[in-house]
2 protein chains.
Amino acid sequence: MQPTMARRTKAEAAATREALLDAAEDIFLERGVARTSLEQIARQAGMTRGAVYWHFRNKADLFRAMLDRVRMPFQELVEEIDDPALVDAPLEAIRLACLQGLARLEQPRYRRVHAILIHHCEVFGEIDPLAMQNEIAEESCGALIEYFTVACEHRLLRSDITPELAARLLQSSLGGLFHDWLRNHEHFSIRERGTEMVDTLLKLLAREP
Amino acid sequence: MQPTMARRTKAEAAATREALLDAAEDIFLERGVARTSLEQIARQAGMTRGAVYWHFRNKADLFRAMLDRVRMPFQELVEEIDDPALVDAPLEAIRLACLQGLARLEQPRYRRVHAILIHHCEVFGEIDPLAMQNEIAEESCGALIEYFTVACEHRLLRSDITPELAARLLQSSLGGLFHDWLRNHEHFSIRERGTEMVDTLLKLLAREP
DNA sequence: CTTTTTACATGCAACTCTGTATGGATATGT
DNA sequence: ACATATCCATACAGAGTTGCATGTAAAAAG
């Protein structure tokens with residue numbers, strides 16, 4: 001055993017920072033946020049608590065950094081499918097944005113971090129996960145309402161369905177499916193079920209030809 | 001200050017047990033399960049940790065007792081609306097069972113305990129809240145599938161909708177709405193939005209006359 | 001090459017929480 | 001009335017975690 005390992009290069013330091021965040025994901029997901037100590041995270045990454053306290057101020061700061069690696073604003077999803085042919089097909093734009101989101105959530109990192117945020121952490125320190133979830137929900141619902149409003153103006157929606165109702169239906173359905181899937185993702189594929197759900201919902205909501 | 005308060009009557013003991021559970025609901029909801037100590041619960045109830053350890057073995061046991069006060073198996077909801085006229089109207093039976101469940105969730109105790117179970121606790125000790133949620137979800141979804149299957153056999157469903165798909169749609173929608181509402185119940189009434197959602201979904205899923 | 005800063009490891013004091021052991025006073029059974 | 005079991009308060013030992021302070025070897029700056 002060496003006397004004391006010492007300073008790494010800047011690239012190595014960045015690598016240990018990522019390793020600490022990876023380790024945090026692992027143990028947060030396995031034991032929950034509250035029950036994992038900083039020493040468990042450090043040992044999982046092959047480090048000691050000294051490394052953790054150098055890179056982060058405390059557990060809340062580490063948690064925030066972990067979330068920052070998977071920031072996925074809804075607006076990004078819309079911009080990624082920015083096809084000018086879709087301005088007159090808002091329902092198809094919604095469909096593609098949803099599928100884009102489902103594809104992202106299948107990536108292990110997104111899935112794991114969201115599972116931690118939704119199912120494996122409580123309020124702690126200066127972090128309020130419910131407030132974060134609220135922000136996400138409000139933003140996505142607002143965006144959906146806008147698109148459904150456009151669809152309504154183009155006479156693409158059933159006459160007995162308001163844009164707000166359509167948006168809430170779609171958002172609740174996907175949110176519920178998301179929650180269920182995050183509990184045990186091996187039970188089914190969220191991409192398949194999500195696609196099926198979005199397709200049928202949009203078909204049911206669309207005005208009959 | 002008296003030297004040492006001592007033994008209460010059996011009724012008083014049962015009352016303190018209830019008071020401890022009430023206090024646990026309060027603080028669990030406010031601070032989260034992991035961050036609340038047994039002493040905080042005891043003091044909130046005007047007792048000490050001795051009372052807690054007398055009535056419960058540990059925090060997990062207290063948590064389980066708290067959940068036992070709001071056990072609401074889906075079958076109960078169906079039995080409560082056991083109207084023989086509904087055996088030939090399975091869609092109406094589903095609707096009434098859902099409304100019955102929504103009405104229950106509006107009761108403060110049900111709402112608070114479910115908010116704790118879903119949003120304010122992680123895995124701890126011998127308690128796995130995700131497994132409990134899974135049980136609830138599986139049971140309710142299974143019951144919905146049975147009823148939608150009957151509806152399908154009676155030609156009450158659209159021909160392009162399978163009973164499984166209908167059940168998953170309804171369950172995900174209500175589950176997502178439930179999660180959103182539990183985050184901040186003052187934002188909207190789950191009874192109104194849930195009723196609206198159930199009505200429109202069933203209308204969309206029903207075969208056109 | 002020298003100095004300074006970086007990137008950690010190690011050690012320490014303080015705090016919090018748990019579980020249990022003990023004690024006491026009263027309700028309850030007989 | 002007496003003995004006993006009940007209901008709860010108090011005290012204590014132990015473990016675990018946090019934040020900081022210190023040490024240190026190498027990288028980076030000059």
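Protein chains get the first letters and strands the later ones, always in sequence-line order, with residue 1 at the start of each.
Salt-bridge annotation for B:Arg193 and B:Glu196: absent, with no side-chain N of the basic residue lying under 4.0 Å from a carboxylate O of the acidic one.
With contacts defined as side-chain heavy-atom distances shorter than 4.5 Å, the pair A:Ile190/A:His185 does not qualify. Between B:Leu177 and B:Phe188, some side-chain heavy-atom pair lies under the 4.5 Å cut-off.
Comparing C:dC17, D:dA29, D:dA9 against the side chain of A:Lys10 picks out D:dA29 as the nearest. Looking at the side chain of A:Ser37, the nearest of the listed nucleotides D:dT18, C:dA9, D:dA9 is D:dT18. Nearest to the side chain of A:Tyr53, among D:dG19, C:dC8, C:dT28, sits D:dG19. Candidate nucleotides C:dA9, D:dT17, D:dA9 were compared by shortest atom distance to the side chain of B:Met47, and D:dA9 ranks first.
Atom C1' of nucleotide D:dT17 and atom NZ of A:Lys59 are separated by 9 Å, given to the nearest angstrom. At whole-Å resolution of the value, CZ in B:Arg43 and C1' in D:dA9 are 15 Å apart. Computed from coordinates, the B:Glu12 CD to C:dT28 C1' distance equals 14 Å when rounded to whole Å. Protein atom CG of B:Asn58 is 10 Å distant from nucleotide atom C1' of C:dG19, rounded to whole Å. Atom P of nucleotide C:dA9 and atom CZ of A:Arg8 are separated by 6 Å, given to the nearest angstrom. We find that CG of B:Asp61 is positioned 13 Å from P of C:dT20, with the value rounded to whole Å. What separates CG of B:Leu38 from P of C:dT20 is a distance of 12 Å, to the nearest Å. The distance between atom CZ of A:Phe124 and atom P of D:dT18, rounded to the nearest whole Å, is 11 Å.
Heavy atoms only, all atoms of each residue included: B:Arg95 and B:Asp199 are closest at NH1-OD1, 2.8 Å.
Nearest-nucleotide mapping onto DNA chain D: of B:Gly50 and A:Glu39, the residue sitting toward the 5' end is B:Gly50. The nearest heavy atom of DNA chain C to A:Arg49 and to A:Arg17 marks one nucleotide each, and the one closer to the 5' end goes with A:Arg17.
The side chain of A:Thr16 places an N or O atom within less than 4.0 Å of a non-bridging phosphate oxygen (OP1 or OP2) of C:dC8. Remark: A:His55 is in phosphate contact with C:dC8, judged by side-chain N or O atoms under 4.0 Å from OP1 or OP2. Contact check, B:Thr9 against C:dT26: no side-chain N or O comes under 4.0 Å of OP1 or OP2. Proximity of A:Gln40 to the phosphate of D:dT17: a side-chain N or O atom is located under 4.0 Å from OP1 or OP2. Residue A:Trp54 has no polar side-chain atom (N or O) positioned under 4.0 Å from OP1 or OP2 of C:dA7.
We find the CZ-NE2 distance between A:Arg104 and A:His114 to be 10.0 Å, quoted to the nearest 0.5 Å.
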